[in-house]
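Keep in mind that what you see is a predicted model, and the values were worked out from it rather than measured. Lettering of chains follows the sequences in order, A, B, ..., and the numbering in each one begins at 1.
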Amino acid sequence: MFLFRSFSSSSFLLTSYSRLSKSVSLQTLFKRGFTPTLQSINKFLIFLSRTQRFNSIIHFISQMNSNQIKGNSQTHSIFTWALLKLHKFEEAEDFMNSQMGKTSFSPNSRLFDLLIQGFCVKRNNPERALLVLKSCLRNYGTFPCSFTFCSLIYSFSYLGYMNRAVEVLELMTDQNVKYPFDNFVCSSVISGFCKIGKPELAIGFFENATGLGALRPNVVSFTALLSALCMLGRVNEVNDLVIRMENEGLIFDVIFYSSWIYGCLRDGSLLEALRKHRQMIERGIKMDVISYTILIDGFSKEGQVEKAVGILNKMIKDGLRPNLITYTAIILGFCKKGKLEEAFNVFKKVEDIGIVADEFIYATLIDGVCRRGDLDYAFHLLEEMERKGIKPTIVTYNTIINGLCKVGRTSEADEVSKGILGDVVTYSTLLHALFMVGALEDAHALYQAMSEMDLVANSVTYCTMIDGYCKLGRIEEALEIFDEFRGRNRGIAPNIVTYNSLMNTLCRQGCLVEAFRLFDSLEKIHLAPSEVTYATLIDNLCKEGFLLDAKQLLERMVLKGFNPSTRIYNFLIDGYCKLGRMEEASKFLHDLETTCLKPDEFTVSSVINGFCLKGDMEGALGQFFKFKRQGILPDFLGFLYLIRGLCTKGRMEESRSILREMLQSKTVLELINGVDSEVESESVVSLLFSLCEQGSIREAISILDEIGSILFPVRSFSTDYGSRTSNKLYECEAFTSSSKQNDSEMVENSYNVGKISQSLDFDFCYSQIASLCSKGELQKANGVLKEMLSRSNTDS
DNA sequence: GAAACGGCAC
């Protein structure tokens with residue numbers, strides 16, 4: 001055997017080894033009589049490690065093992081390192097565990113970093129990573145680096161495991177570790193909370209994290225916060241956020257703006273979304289595929305698919321490639337409008353350009369054909385997608401079930417549901433269908449069955465039940481469910497925002513009484529109403545014509561120390577104006593002005609509308625000029641009311657002069673431009689200008705009407721109440737005929753039918769009827785209906 | 001390193 005001294009120099013070993021072919025093994029070295037020292041072996045292994053030859057390290061060490069050459073702690077470290085670098089995390093962990101306490105091997109923190117991050121990121125298994133982290137802290141007393149903690153927090157947040165994310169946060173900020181957390185952590189946690197539907201916790205976290213100046217939020221954290229605010233419907237607060245960011249000198253980017261636009265759209269405001277889009281372009285921020293997709297989706301959902309296609313074309317002209325989501329949004333827009341041929345043309349195009357379809361796009365199409373009642377084609381599409389290997393999930397089945405229910409094929413819907421593992425949506429759909437056909441017992445049984453299947457009824461389920469019972473006149477059962485809904489969700493401890501939204505939903509469904517019952521219950525659970533609570537209730541009371549109640553609530557709100565905003569005053573002013581009660585409206589206008597608040601464009605528009613509805617054009621013009629002198633012009637609708645009113649009276653010159661003023665208003669022009677921000681905006685404005693100059697006022701009005709219907713799809717600005725009312729009348733009559741008479745209800749009638757019917761506002765009557773119907777107060781509804789019909793006969 | 005987009009029920 002050769003003497004070892006020959007090899008005491010590792011450089012010799014290295015050169016020998018590197019000169020030899022890759023297949024050269026330790027075995028060969030032994031055969032050639034080389035017996036290296038452990039020190040030289042380690043140096044050699046370090047060399048291999050530095051040259052990234054990790055497989056060779058593993059190979060070499062396994063040779064050492066078979067030759068009973070024992071390594072020391074350095075050898076073990078290099079071996080572990082190599083395993084980790086080769087992503088053999090499980091083996092690395094096993095090895096580290098096996099060495100624990102056996103040798104002097106004590107893995108340094110860098111090895112733990114790699115192991116934990118490996119499980120977390122590469123294996124997508126943060127649970128296992130967390131176990132390693134805990135064991136590391138407990139058994140080795142070594143602290144992985146800050147980024148390791150961050151990766152874990154990110155992964156847990158990404159998966160929505162927020163308990164775990166918080167657990168790591170606690171470990172990270174623990175006395176012994178005391179790592180400060182940065183914007184990476186902050187933004188991840190915020191978005192995690194949003195992901196699990198807890199935006200209020202996200203906001204709380206942001207406030208805590210940045211509260212004591214511990215963390216200066218950057219644009220990413222602010223964007224995450226923005227999303228949380230928007231989820232809570234607090235998109236208005238983003239303006240303050242922007243000011244704060246500007247003060248901090250932060251640079252806005254496309255993600256910030258697209259999140260903001262998304263928030264506006266989700267709030268139902270296309271106009272605001274377009275304003276933000278314009279602002280973004282003005283700031284020199286370029287649109288990308290996602291921001292375009294957000295806009296397209298927003299327009300499609302609001303029934304503006306043509307505009308969405310316009311944006312799509314602009315996007316392509318910008319050199320961007322629409323993706324599957326973009327096209328799905330367009331398809332949804334067409335389906336929503338019943339334009340199935342166009343929807344399928346887009347679908348064909350998607351396949352032609354080689355984009356692979358997925359379940360979303362199929363579910364969208366299936367929903368489209370279901371809404372047309374073509375269930376056969378829906379089943380055909382279902383087969384087609386399965387043929388393509390796209391596995392339908394519960395959402396697609398729910399779409400089919402909903403389609404079957406909508407066409408009255410409830411027993412088939414039931415059959416389909418039995419073949420799958422239904423979720424809360426499946427059962428809510430079936431419940432709705434059963435209520436529709438009046439199958440109360442079946443509905444009740446199904447509802448009971450849900451809990452046996454461990455399906456937790458959510459707010460939609462409860463609303464379906466409550467609404468279903470209400471519509472069938474079964475108020476008692478409805479209230480029972482309502483109480484259960486409250487009794488059930490106690491553990492979740494809904495905050496005031498949840499309550500506000502629920503109250504708003506109840507109001508919108510005409511369940512004002514229930515909304516107020518909820519409002520009254522807030523005190524019992526020590527939950528303070530917010531300004532939004534009052535605003536929501538006042539708004540809905542005014543919309544329903546309960547102006548006295550609205551007024552009292554306003555007083556109550558002031559007593560509680562709130563300062564009502566112009567917006568709240570506007571609700572009341574608008575409410576009185578719509579009923580033609582101009583004196584009361586003026587009183588509130590006066591109150592508004594004396595409380596140091598400024599009337600705004602909505603105030604003046606409501607007042608103008610009030611006078612116009614009464615046919616008092618002098619009054620309307622008087623208000624217009626009065627406010628104009630104060631520098632307050634009406635908004636788009638206010639101008640339109642006035643122009644239309646004057647035109648109806650044949651006062652064409654005055655109408656034209658107001659139109660001219662309208663076309664000089666910056667906000668109005670911005671708004672019109674907004675509608676056509678990408679295509680032919682100049683032409684619309686210039687067309688209006690030339691119509692105005694030609695004196696073609698009626699034509700100009702019809703264009704403005706068109707623009708109005710795009711901008712305010714929900715808000716009524718058309719005087720043609722008839723067509724919108726007829727369907728509701730049909731519904732009301734259907735309910736009325738099936739109702740049981742109840743005289744005592746008549747006696748307790750708190751709704752003054754006579755008063756209502758004196759009003760010329762059909763829209764108001766209609767909302768009364770809808771509200772009474774949904775409360776099951778069918779006789780009262782019938783009264784209003786008859787009054788209304790008799791008025792409509794005499795008026796016409 | 002992180003923040004933005006899609007389908008079903010009221």
| For A:Leu241 and B:dA4, what is the distance between atoms CG and P respectively, to the nearest whole Å? | 15 Å
| message | Between the base of B:dA3 and the side chain of A:Thr223, is there a donor and acceptor pair under 3.5 angstrom? | response | yes
| query | Once you round it to whole Å, what is the distance between P of B:dA4 and CE of A:Met231? | reply | 11 Å
| said: Between A:Glu282 and A:Arg278, does any NZ, NE, NH1 or NH2 come within less than 4.0 Å of an OD or OE carboxylate oxygen? | reply: no
| query | Hey, is the side chain of A:Asp358 pairing donor to acceptor with the base of B:dG7 inside 3.5 Å? | reply | no
| Side-chain N or O of A:His432 closer than 4.0 Å to phosphate OP1/OP2 of B:dC10 | yes
| message | I'd like to know if A:Thr328 reaches the base of B:dG6 with its side chain such that a donor and an acceptor end up less than 3.5 angstrom apart. | response | yes
| message | Classify A:Lys301 by what it touches in the nucleic acid, base, sugar-phosphate, or nothing, heavy-atom distance under 4.0 Å. | response | sugar-phosphate
| Is any side-chain N of the basic residue among A:Asp467 and A:Lys471 closer than 4.0 Å to the acidic one's carboxylate O? | yes
| request: Starting from C1' on B:dC5, measure out to CZ on A:Phe256 and report it in whole angstrom. | output: 17 Å
| Hey, is A:Lys348 close enough to A:Glu351 for a salt bridge, meaning N to O under 4.0 Å? | no
| note | Applied to residues 390-405 of chain A, the salt bridge (Lys or Arg N to Asp or Glu O under 4.0 Å) test, sequence neighbours excluded, yields none
| task | Give me the residues of residues 377-401 of chain A where at least one heavy atom lies under 4.0 Å from an atom of DNA chain B, by number, or none. | result | A:Thr393, A:Val395, A:Thr396, A:Asn398, A:Thr399
| request: Determine: side-chain N/O of A:Tyr262 to OP1/OP2 of B:dG6, distance under 4.0 Å, yes or no. | output: yes
| said: Do A:Thr426 and A:Asp423 pair up side chain to side chain, a donor and an acceptor below 3.5 Å, judged on atom types alone? | reply: yes
| message | Looking only at the side chain of A:Ile325 (C-beta and beyond, no hydrogens), which of the listed nucleotides B:dC5, B:dA4, B:dC10 gets closest? | response | B:dC5
| request: Would you mind telling me which of B:dA2, B:dC10, B:dG7 lies closest to the side-chain atoms of A:Asn218? | output: B:dA2
| query | So, A:Lys276 and A:Glu272, do they make that salt bridge, N to O below 4.0 Å? | reply | yes
| query | For A:Asn458, which contact category applies under a 4.0 Å heavy-atom criterion: base, sugar-phosphate, or nothing? | reply | base
| query | Using a distance-only test with no angle check, is there a side-chain donor-acceptor pair under 3.5 angstrom linking A:Ser221 and A:Asn183? | reply | yes
| request: If the plane angle is over 60° it's perpendicular, under 30° parallel, otherwise tilted; pick one for A:Phe435 and A:Tyr469. | output: perpendicular
| task | For A:Arg371, answer base if it contacts any base atom (sugar-phosphate contacts may also be present), sugar-phosphate if it contacts only those atoms, and nothing otherwise; contact means non-hydrogen atoms under 4.0 Å. | result | sugar-phosphate
| message | How many whole angstroms separate atom CG of A:Leu430 from atom P of B:dC8? | response | 17 Å
| Does anything in residues 144-155 of chain A reach DNA chain B, meaning a heavy atom under 4.0 Å, and if so which residues? | A:Phe147, A:Cys150, A:Tyr154
| task | Compute whether any side-chain donor of one residue and acceptor of the other, for A:Ser300 and A:Asp297, lie under 3.5 angstrom apart. | result | no
| Listed nucleotide nearest any side-chain atom of A:Thr464, set B:dC10, B:dC8, B:dA4 | B:dC10
| Does one side chain, of A:Thr364 or A:Asp367, offer a donor that lies under 3.5 Å from an acceptor on the other? | no
| said: I need the residues from residues 181-188 of chain A with at least one non-hydrogen atom less than 4.0 Å from DNA chain B; give them sorted by number, or say none. | reply: A:Asp182, A:Asn183, A:Phe184, A:Ser187
| Could you state the CG-C1' distance from A:Asn323 to B:dA4, rounded to the nearest angstrom? | 12 Å
| note | Contacts satisfying ring-ring contact (aromatic ring centres under 6.0 Å, His included) that involve residues 362-383 of chain A (not counting sequence neighbours) are A:Phe344-A:Tyr377, A:Phe347-A:Tyr362, A:Tyr377-A:His380
| query | By side chain to side chain contact (heavy atoms under 4.5 Å, CB included), which residues pair with A:Ile203, not counting sequence neighbours? | reply | A:Glu207, A:Leu225, A:Ala228, A:Leu229, A:Leu232, A:Arg234
| task | Please report, rounded to the nearest Å, how far the C1' atom of B:dC10 is from the OH atom of A:Tyr447. | result | 14 Å
| query | According to the interplanar angle, ranging from 0 to 90°, do the rings of A:Phe485 and A:Phe482 count as parallel (below 30°), tilted (30 to 60°) or perpendicular (above 60°)? | reply | perpendicular
| query | Of the nucleotides B:dA9, B:dA3, B:dC5, which has the atom closest to the A:Val220 side chain? | reply | B:dA3
| field | Atom-pair distance (NZ on A:Lys286; P on B:dA4), nearest Å | value | 23 Å
| task | Check the distance between B:dA4's P and A:Leu295's CG and give it to me in whole angstrom. | result | 17 Å
